[in-house]
Amino acid sequence: MTFYEITNEDRELVLLALDKLSLTFDDGVYRHTVGAGLRCKNGRVYTGVNCDGIHGSCAEYIAIGLAVSSGEREFETIVAVHELAVNSVVPPCGNCRQMLFEYAPEIKVILNDDQGRLVKVGVKDLLPFAWRPVIVGQ
Ligand SMILES: [Zn+2]
């Protein structure tokens, strides 16, 4: 597994995601508890919060969906945050890992390692032997 350096831009991404979460947190209802920060290769940043519901959506989905809806196609780094988490960072769930693998196979993910240190790794390292769409003829 390759570990990438945590940059000042990465720390800023965490703070931007926390800012988005604080702006949209609906105290007492707890629908929006996770934020996500997504930085594209062109430097643009998109942030989002999870949406609750029967088939709710993780914050990473919202951030990727916002970016894709805005025409973005190349993604650099993503992080999910919760204000009570170690380093304010939470790992992507299995469903998000698969979505990121399909939408942005080269994206890097900021999360904590087993010792609580902030690290940045490629999404492919978070999903070994990943499911891939079967394309006839390949
Ligand atoms: Zn998720």
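Just so it is clear, the model here is predicted, and its values are computed rather than measured. We count residues from 1, following the sequence as given. In listed order, ligands and their atoms are each counted from 1.
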Salt bridge check: are [X] and [Y] linked by an N-O gap of less than 4.0 Å?
{"X": "K41", "Y": "E76", "result": "no"}
{"X": "D10", "Y": "K108", "result": "no"}
{"X": "R44", "Y": "E72", "result": "yes"}

Practice task
Show all protein N/O/S atoms under 2.8 Å from the Zn ion (ligand 1), or state that there are none.
Solution key: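 Per the 2.8 Å query on the Zn ion (ligand 1), atoms found are C58 SG, C93 SG, C96 SG.
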Could you list the donor-acceptor pairs under 3.5 angstrom formed between side-chain atoms of residues 124-136 and any protein atom two or more places apart in sequence or on another chain?
{"unit_1": "K124", "atom_1": "NZ", "unit_2": "E106", "atom_2": "OE2", "d": "3.0"}
{"unit_1": "D125", "atom_1": "OD2", "unit_2": "T2", "atom_2": "N", "d": "3.4"}

Test: side chain to side chain donor-acceptor pair (under 3.5 Å). Region: residues 89-100. Which pairs qualify, not counting sequence neighbours?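 Matches after skipping sequence neighbours: Q98-E102.
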Through direct or indirect side-chain contacts below 4.5 angstrom among Ile, Leu, Val, Met, Phe, Trp and Tyr, which residues connect to V90?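 V34, which link up through side-chain heavy atoms under 4.5 Å apart, make up the rest of the cluster.
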